[in-house]
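Starting from 1, each residue takes its place in the sequence as its number. In what follows, every heavy atom counts, from backbone to side chain, and hydrogens, waters and symmetry copies are set aside.
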Amino acid sequence: VSISYASPSVTTNAADGLLVPSGAVAGTLPAAGLYDFTFTLPSGSLEAFVGGVSAGVYSGAGERTIKLAVPDSATEFRLVYTPDTENPEAALLRRVASSRKFLVIVR
């Protein structure tokens, strides 16, 4: 996964995650398939976009795994975090993983 843009407030942490106090992280997913973005959300909401189209909004405190289905190679993605005004803690992008499905048809 190539990250080409991050809001100025986005930084890395000691465990090589990305701290996102607010704003966006964007980039390119290299191949078609399923991708999992694992976040720890303190509060607020996180919206995911694939190819410019919303893929869902996630909210509530705790660990959230966003599953994105990518139809083509070199597809752009964007993750936009909006913190809760009463609890403006940063979200933490902990892991990005891809999975490919393998199907065997026996006749």
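In this structure Glu89 satisfies the side-chain hydrogen bond (donor to acceptor under 3.5 Å, both in side chains) test with no other residue, sequence neighbours excluded. Residues forming a side-chain hydrogen bond (donor to acceptor under 3.5 Å, both in side chains) with Asp36 (at least two apart in sequence, or on another chain): Lys67. Legend: residues meeting side chain to side chain contact (heavy atoms under 4.5 Å, CB included) with Ser59, ordered by chain and number and at least two apart, are Ser45. Among residues two or more places apart in sequence or in another chain, the side chain to side chain contact (heavy atoms under 4.5 Å, CB included) test is passed with Pro88 by none. Arg95 is linked by a side-chain hydrogen bond (donor to acceptor under 3.5 Å, both in side chains) to Thr38, counting only residues two or more places apart in sequence or in another chain. Considering only residues two or more places apart in sequence or on other chains, Ala6 meets the side chain to side chain contact (heavy atoms under 4.5 Å, CB included) condition with Val10.
Screening residues 48-62 for salt bridge (Lys or Arg N to Asp or Glu O under 4.0 Å) gives no qualifying pairs among residues at least two apart or on separate chains. For residues 44-62, the set of pairs meeting the salt bridge (Lys or Arg N to Asp or Glu O under 4.0 Å) definition, not counting sequence neighbours, is empty. Evaluation of the ring pair (Phe, Tyr, Trp, His ring centres under 6.0 Å) test over residues 61-87, restricted to residues two or more places apart or in two chains, returns Phe37-Phe77. Identified under the ring pair (Phe, Tyr, Trp, His ring centres under 6.0 Å) test for residues 38-64, with sequence neighbours left out: none. A side-chain hydrogen bond (donor to acceptor under 3.5 Å, both in side chains) check over residues 68-78, counting only residues at least two apart or in different chains, returns nothing.
In this structure, the side chains of Tyr5 and Val25 stay at 4.5 Å or more apart for every pair of heavy atoms. Looking only at side-chain heavy atoms (C-beta outward), Ile66 and Leu46 come within less than 4.5 Å of each other.
For Ser7 (side chain) and Ala24 (main-chain N/O), a donor-acceptor pair under 3.5 Å exists by modelled atom type.
Smallest separation of non-hydrogen atoms from Ser22 and Ser9: O-OG, 3.1 Å. Contact record, Gly60 with Leu41: O-CB, 3.6 Å, taken as the closest heavy-atom pair. The two residues Ala55 and Leu68 make their nearest non-hydrogen contact at CB-CD2, 3.7 Å. Nearest heavy-atom pair, Ala32 versus Pro71, reported as atom, atom and distance to 0.1 Å: CB-O, 3.5 Å.
Leu93 and Val80 are assigned to two separate hydrophobic clusters, defined by single-linkage of ILVMFWY side chains at heavy-atom distances under 4.5 Å.
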- Query: Would Val20 and Thr11 satisfy side chain to side chain contact (heavy atoms under 4.5 Å, CB included), going step by step from the backbone distance to the final call?
  - Reply: CA-CA 7 Å; Val20 184; Thr11 61; over 6 Å; no
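Side-chain heavy-atom separations under 4.5 angstrom define the hydrophobic clusters, and the remaining members of the one that includes Leu19 are Leu92.
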